[in-house]
*Asks:* 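So that we are looking at the same thing, I have put the structure below in structure tokens.
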Amino acid sequence: MATTVLPFYQRKHKHYSYDYRSSQTKYVTKEYSSSSADDEGPSYKYQEEKRIQEVVQKKSSEKYIREESMIRGPQFLVRLRSHTVFENTPVKLFCTVQGYPTPTVKWYKDDVLIDTVSTAGKYFVESNYGIHSLEISRCATDDTAQYTAVAANVHGQVSSQASVIVKRYRVEEESCPFAWLPYQYQILPEIEYTRINITFLETFDVAFGTEGDKITLACKMTVSPNLANLQPEALWFRDEHLLKESRWAKMESGPGFARLTLPHLNKDDEGLYTLRMVTKGGTAEHIAYVFVQDGPPPVPGAPGAPMDIKIHDANRDYVIVSWKPPNTTTEGPIIGYFVDRCEVGTENWTQCNDSPIKICKYPVSGLFEGHSYYFRVRAVNAHGISRPSRMSDPIAALDPTEFDRLHAMKLGGKLDVVTYHDDLEAEGIPPGPPTNVHASETDRTYVVLSWEPPAYRGRAPMWYYIEKCLVESGSWQRVNTQVPVRSPRYAVFDLAEGKEYMFRVLSANMYGTSEASKPTGHIKTQELRGVPSAPGQVVSTRHTKTSVLVQWDPPKEPNNLIGYYIDSCVKGSKDWISCNHKPHKDTRFVVHGLTTGETYVFRVQAINELGLSDESQESSPLSVQAALTKPSSPYDIALLHCDGSSMILNWKHPKHTGGAKVTDYYVDKREVSHKEWKETNVTPIHERIFTVENLKKGAVYEFQVYAASLAGVGNPSKSSAHFLCEAWNMPEPGPAYDLTSCEIRNDSLVLEWKAPVYTGQSPITGYFVDMCKEGSDTWTTVNETAVNHCYLKVTQLKEGQSYVFRVRAQNAEGVGKPSTVSDPVVAEAVPGVQEIQCGVDEETGDIYMSYESCEMSEKSQFIWKKSYQEITDFSKGVVIKTEGNRSKLIFKNPDKEDIGTFSVAVTHTNGVSSSYMIVKEELEKMLAQSYDIRHPVIPLKTELAYKIMERGRMRFWLQAESISAAVTYTFFANDKELANSEQYKMSHDVSTGIIEMVQDHFTEESEGTYTVQIQDGKGKNQSSLVLIGDAFKAALADAEYQRREYIRVKEGPHFMQFLSVQVGDDCSVTLVCKVDNLKKESVFHWYKDDEEIVPEVPADLTSGVCKLHLPLFSKKSQGIYKATISDDRGKDVSQLDMSGQVFDDIINDLARLAGSSAADLAIQCTAEGIRIQCQMKYYTEEMRINWLHKDSKISASERMRIGGTPQMASLEIVEPTDKDKGIYTIEIMDAEKTYTRCIDLSGQVYDNAYAEFQRLKAEAFAEKNRGKMVGGLPDVVTIMEKKTLSLTCTVCGDPKPQVTWFKSDQEVEHDDHYVIAMDSGKFASLTIKGVGLEDSGKYTMTVLNKYGGESVDITVSVYKHGDKIPEVKPIPMPKRITPPKTPIVIPTPPAKSPAPAPATKAPSPAPGQAAKSPVPPRGIKSPNPARKK
């Protein structure tokens, strides 16, 4: 027997996951069918390793990983690989698949399922522990195909593809020196792959999302050549990390498309996404950034969720969790973090730490070996707890060295047994000491130790003890006293920061403990160095129209830097916004999603595991615009004129300016026969027309033009056509030039051009415009008649069609040569484009044209034109005002010369423009409207009026619709102008439009006519008031009264507000008045009908408001009420007569409140009948309330009782009959409205109510006639022995009740000791003669007849002669009511009938006993009872 030690690569301390198994598949790619005892070569080694690996996989799945709780779809760990082989040779395709439940794998050839049954011997399919293979025994040329392995389980399916190319065998290849090698080595001639070109048609742009959202990134492409068996592979990367199919990322690809779906966004998903299409001949890729902002917090102000949860150092019972902190732009600073865990297969999250931890790393202990867990983290600040982070990948708590002890044994020449090394060692021996103790990780408060297990340990279970020693102390202390350590890796926690320690390890089993290992060197824990310092200078530069490139210097003290957060803020505001929500590692970042033309500043914060650094200094403000680049080339160079020695050239503006204005042009020339270009101008040209001089007559030239801006000189244009230098002398005009289009709409546009430089032999008389669809050679003349201006509106275009135009000038000699063709124009309006609005300013009367642009850039300008010529002459009162994206053309002095077409164009936009034609009729209408506005009449809300003020002063006032601060006014009295003085005080209020004059002394001399004249700007108006005769006398009398009243009020206590009545929402009625000018001695009194009322709460004179509440207001509350206030200075009286209309008004208010609050009618049964009642806030009989039965008013009577309580109105029907069935209505009426409530008293409702009435009536009858005790019995009786005790009580009832006495619940019988008597049928007594101590106790008296009765208890206490009288505290015992034992039958009077009524038996005192029996019934004792035998 021999044992084989595992190779070193399997002894490292790590988890043996699927990644490990997939990395070892190279050792099982060939099947070894047998092994002889003499074969000790490499084949045995492969078999040994394969067998050990199978055991590792089996034990991992059965003992530790707990795959049953980890629900997963299939996944390829090792994908298929393409092969090229020769004819008649075998080939084997391998793949490794994982998933739970275990996936099944099917094989396809060119998308057709391979049938291994019908092709027996051709294909061999195998599956061993997740490794699947397809072998083709003898390849033929028709086996060249694309092979697909499809793995599927209940949670989904995935596939992997590979190509097999079978080459024909050539004779010359027999001599290849490597022909003997097996195909696995693939020593084949170099394969030249077909070049496949990929062109992206549609791509994804920068995307913005929020946590919890779903986002899809997709691209469409063309593949050329498109070979079915050579399709490109789509690979997705985030920040250059390859993405795999998971619950967080779904990938799809097919012919011509690739799609990535992120179904549930987290900040972990933020980053730079790359789609890389991989082909045999190269790759094609597209890149864009995805931003993910924080989702809504659970509570306002809570921080964002942490991200990037990582698990480190997983062991049997602990793991270390790390994460990255969120940005806190507007939220408060983070206090700490909570770490949660959840066992795989459950949904129960458990918080791991009791208090928040401040660093972004936490060791989680207390895990169960063999269990798998998820982890997540939540951030905490002063406002609350954040949303949880995305949970981590599952991690199993395993011993990483579990399989290091596996060994293989060769039995009988074959690989047969795999066992643990421990099983081969003898028992009863302690293990040896561990070796190589070292620190694999060091932090501030913990150190992770690792060591090599002892080489010899015995079969008994082994564990370890760890000891630590603080270097400065020199004493060793055992760390794990409670929990034995079974793994050669352990984290020692609770260490001091910045201290030096030594560690050693001892191994032990049941037979003893080893010697201590060699101590480690001095291991120093890390010191808390704090957060990083602030980053350095921040520089922002232009990037695109919506993005900015931000760069910064790294912090001087990085302190384990994790990354950076970048914030942006609009200049002038304090609202900082996070630009990235996941730490960025580089010192440059492109901020997307900015507003074009807006100015921003930026700042940066550095991050480590302790949190965020201070903010950097803000960058310089930067306006968001595309970065400046050189302009593109001019194009379409045209010849406008030639005189034999010079040429006039024109060219078109560059299509792309590069973000800066093109300011200069340079022109080069050369003769066609020469190669060298020569400059024609040293000084820059600022216009797009230039005369090239000093040319040779008869020579042929070509030209090229450069454009220049602040960014530099661009590339030269294409060479012009060949121009012959000969003088033009044709009679027709030359070509027009500079064709431009504006006002592009869905069916029309306006074409503009400039007049030809060469006019021919006569002046130009007009122009013709030709039109052609782009791509066509068919030209159509737009205008049949020549136009005499350099613009034309082209109509009847087809929406979405592209057109080109040209212009031909005409003179008396004919039509000249056409212009250069214009750029293509698509008949499609700019989205959101608006038209010019023309009108009259309502304030100034100016005629204006207004235009609002739907597009604007920083350099955009509004160009106003008349007849498509820019307006430059502003001497006639034309003004242009521009604010933001709106511009106005204002005519200060409009006249008939302003008739015509006006247009506006907005530069640096996508052709935003519009025009408006003013015709004669419209102008005349606007001129009339302008005149009315400029010469207005001030509208008045109120004409001149007067008001008497205190002291008898007279206020004259009027109110205008509106006035400005510049308003002027003049008052006149009898045509005499009044001046602003102490006698006449004048003022106005712009906000209300009120103009007033207060006359201090209004006397008999003030009679006359008063006038005020107003002027506000150009508006005027006036108003007059006549105070003559009776009108004047009434005003004068009122003024004198107010003067006297003022004197009264100022001299002593008085009423500021006289008595009034207030009815509250709760139907309370209160008298209210207000007094003033009081002093300490002032006295207040209330009176009603001259009798003083003293309220429970005296009047509160400190506030001046006095109130008298009138409870339960009714007709009794009527009377004359007075309130007086007096002191030594005088007395004032206020009186209110609360009767007549005042009383009626109060009752109406109460009725209104009661009616609006009235509840639905309800039925309440009584012993006398059925009561219909309505709950309301207040009820009094003075209210106008009617009760109706079947729409007929009910009058109050003995049978129909109408009444109520303060909270309820009721109608009681005494002894109801069937006639009383029907609908009952209550009407509550106030002065304006009637409130009604109804109820239907019929059917089952009536039957139920009548039955309840009968029940209550019977109970009342029984209660009235049952046996009762009127009084006379005490609760407690104390008596000396040998005395006589008499207990007497008066009883009543009809019929006469039966009386029974009990002692201690036993009936007392009449004898010499106990004498029971009933006198006059109503005086019941119990006499105890010669009481003794045995007579103490509880006595009960019961009174009962057929309608029931009651009983009461008496406590009797007997004491001996000479003893102290005992103190017995009486315990009040209530009477106990005894209900009747038989149904209650109310006797009815005999019916009046001539026949004699049958004799009725008198009620018997006791049931079943004759009335005339000589023996008294039980419970009623005769005066001479029989002696007890």
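When a residue number appears, it is its place in the shown sequence, counting from 1. Only this structure's heavy atoms are used, side chains among them; waters, hydrogens and symmetry mates stay out.
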*Asks:* How would you list, by chain and number, every residue that makes a side-chain hydrogen bond (donor to acceptor under 3.5 Å, both in side chains) with Thr1234, sequence neighbours excluded?
*Replies:*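 Applying side-chain hydrogen bond (donor to acceptor under 3.5 Å, both in side chains) to Thr1234 gives none.
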*Asks:* Under the ring pair (Phe, Tyr, Trp, His ring centres under 6.0 Å) rule, collect the residues that match up with His789, sequence neighbours excluded.
*Replies:* Tyr791
*Asks:* Does the Lys NZ or Arg CZ of Lys888 fall within the cation-pi geometry relative to Tyr848 - under 6.0 Å from the ring centre and within 45° of the axis?
*Replies:* yes
*Asks:* Check the side chains of Asp1016 and Ser964 for a donor-acceptor pair under 3.5 angstrom, ignoring hydrogens and angles.
*Replies:* yes
*Asks:* Among residues two or more places apart or on two chains, list those pairs meeting salt bridge (Lys or Arg N to Asp or Glu O under 4.0 Å) that have a residue in residues 1070-1083.
*Replies:* Lys1079-Asp1128
*Asks:* Could you check whether Trp576 and Ser568, counting side-chain N and O atoms only, form a donor-acceptor pair closer than 3.5 Å?
*Replies:*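 No, no side-chain donor-acceptor pair sits under 3.5 Å.
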*Asks:* Decide if the gap between the ring center of Phe1002 and the ring center of Phe1032 is smaller than 6.0 angstrom.
*Replies:*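 Here the rings of Phe1032 and Phe1002 have centres that are less than 6.0 Å from each other.
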*Asks:* If you measure from the Lys or Arg side-chain nitrogens to the Asp or Glu carboxylate oxygens, is any gap between Arg886 and Glu852 under 4.0 Å?
*Replies:*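 Salt bridge: yes.
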*Asks:* For a quick check under 3.5 Å, do Ser1006 and Gln999 share a side-chain donor-acceptor pair by atom type?
*Replies:* yes
*Asks:* Looking at Asp975, I want to see if its CG is surrounded by more than 12 non-hydrogen atoms of other residues, nucleotides or ligands under 6.0 Å.
*Replies:*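 Count not over threshold, so no.
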*Asks:* When you compare the side chains of Gln1062 and Thr1070, does any donor N or O come within less than 3.5 Å of an acceptor on the partner?
*Replies:*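 No pair is found: no donor N or O on one side chain lies under 3.5 Å from an acceptor on the other.
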*Asks:* When you compare the side chains of Ser903 and Ser915, does any donor N or O come within less than 3.5 Å of an acceptor on the partner?
*Replies:*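 The criterion, which ignores hydrogens and geometry beyond distance, is not satisfied for Ser915 and Ser903.
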*Asks:* Would you say the side-chain atoms of Ser573 and Asp575 include a donor-acceptor pair closer than 3.5 Å?
*Replies:* no
